[in-house]
Amino acid sequence: MVEAAELRALKAQIKPHFLFNTLNGIVELIECDPKRAILVTQALSDLFRYTLAASQRDTLLLSEELNHIHQYLAIQQIRFDDRLDVRWKIDKRLESCLVPPMILQPLVENAIHYGCDQDGNVRITVDVHTEEREVVIRIADEGARKVPHSQLYNGKGTGIRNVDDRLSAFLGRRLLFEDNIPDGLCAVIRIPQRTS
Amino acid sequence: MKIIRTLIADDEHLARSRIRKGLVEFETIEVIGEARDGREAVQMIESLKPDLLLLDIQMPVMTGFEVLSQISHRPAIVFITAYDEYAIRAFEINATDYLLKPFTQERLSISIHRAFDQMSSGQEHAGKLDALLDYHRGKRRYLERITVKNKFEYEVFDIASVDFFAVESGLVFVYREGMKYQIDTPLYRLEENLDPQHFFRAHRKAIVNLQKVEKVVPWGRGRFVLQLPQKERVHLSREKIPAFKELMGLNV
């Protein structure tokens, strides 16, 4: 069972700053693009529902995690327009693998917050493939800011630490960071390939 | 009728368009530019010298506060934020008006009228803005004292008298003059609030006061151990060695 502290942490995944900015975007869309306003409202509802459901599970399907960050990024793309570019390289055969909940959103969030290049543009690549019977998930940005990797675990936001803690608790694995070439940061999760 | 040349700085296009539409009802306001991040904002403020600035606090590359501390021109300002506890506290304490997103047209109008008042008050407004920025900078001042519980009393120490902080069995301890006290502040929070010129994260579980380091002992295979008062020893993690050498002026 997931412990109480972890439950609280999970519920804190949707940050107030994200919520209010999204609501502000919806207000504008209601006037200029009502259809999109409906889509964003639905995506926001799905995000909340997933976060609540995920907090009660020890594992879920990788496809559910990917769908969640898909929704999250869809909202961010509407907010940031052409400044956010996301590329997906997903090995579909791995989507039925079991993973701990809410391990991807904090990484994508971090990439958006700190991964902008000098012009403020963010390019994220989500890559899921298999290596030696392990699922390898890589979330890479092309940001200009150089951060020592060790510092990432101790940052102000608890998101990254939370992912690392949960990977340790559930699987005895760490969240790893690599330098992305030529610029940026890449978060790497490796977990044993396991299906239900 | 004097035209009020206005700049909008917000990283989200929907937010900018919301603001732009809200400004239409003010006949004297003319939007002369839109900045999409902090750096653009600095450039546009210095080159265009707007009379009025609508400034979002959280922007990539540079925050709204950082923007203001880098410009010499002083326009009237409407601060805008979605949610930032720290910024809001700064505004409240300095009696500065701010707009919360999402906002109504009525609330925007109130802020714009207050900004018009800023323009007519001139000097007074500039002084208030400087006070806000001073407060913002002051908040970043480092920890000067630390309070620890010793049996039934709280003792207050000058931070410079601390030898080091260390985590043991998940608890954080302060080492000082041969005594050790447990505190409740996690190490990462201490690190954020300690002056990096004097306190150094030697490894994942320890922060040392550099002024208390008595010896740097080579520990084989390129590793080092720091000797502190009372013969206490703290290992230096491999990845911290270059930064440590730089801070200590060590060339080995």
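Sequence lines set the chain letters: A, B, ... in the order given, protein chains first and strands last, and positions in each chain run from 1.
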message = My understanding is that only residues two or more places apart in sequence, or in another chain, count here; which of them pass side chain to side chain contact (heavy atoms under 4.5 Å, CB included) with B:L171?
response = B:F173, B:Q182

request  = Using a 4.5 Å cut-off on heavy atoms from C-beta on, say whether the side chain of A:E28 contacts that of B:H13.
outcome  = no

request  = Quick one: pull up CD1 in A:I30 and CZ in B:R18 and give me the separation to the nearest 0.5 Å.
outcome  = 8.5 Å

key: Ion pair check, B:D37 and A:R83, cut-off under 4.0 Å   = yes

message = Given heavy-atom pairs under 4.5 angstrom as the criterion, report whether the side chain, backbone, both or neither of A:I78 touches chain B.
response = both

key: Non-hydrogen side-chain atoms of A:E31 and B:S17 separated by less than 4.5 Å   = no

inquiry  = Let me confirm one number: the CG-NE2 distance from B:D84 to A:H17, rounded to the nearest 0.5 Å.
reply    = 7.5 Å

note = Comparing A:V27, A:I26, A:D82, A:D81 against chain B, the one with the most heavy-atom pairs below 4.5 Å turns out to be A:D81

message = A quick test of your reading: do over 12 heavy atoms of other residues, nucleotides or ligands sit less than 6.0 Å from CZ of A:R174?
response = yes

request  = Sequence neighbours left out, what passes side chain to side chain contact (heavy atoms under 4.5 Å, CB included) with B:Q197? Give chain and number order.
outcome  = B:D195, B:L247

Chain B interface, residue from A:I112, A:L19, A:N24, A:D33 that has the most non-hydrogen pairs under 4.5 Å = A:N24

Rounded distance [0.5 Å steps], CG in A:N21 versus CD in B:E12 = 4.5 Å

key: Greater than 12 external heavy atoms within 6.0 Å of B:Q105's CD   = yes

inquiry  = Under 4.5 Å from any heavy atom of chain A, what part of B:R39 do you find: side chain, backbone, both or neither?
reply    = side chain

request  = Output the distance between atom NE2 (A:H113) and atom CD (B:Q58), rounded to the nearest 0.5 Å.
outcome  = 9.5 Å

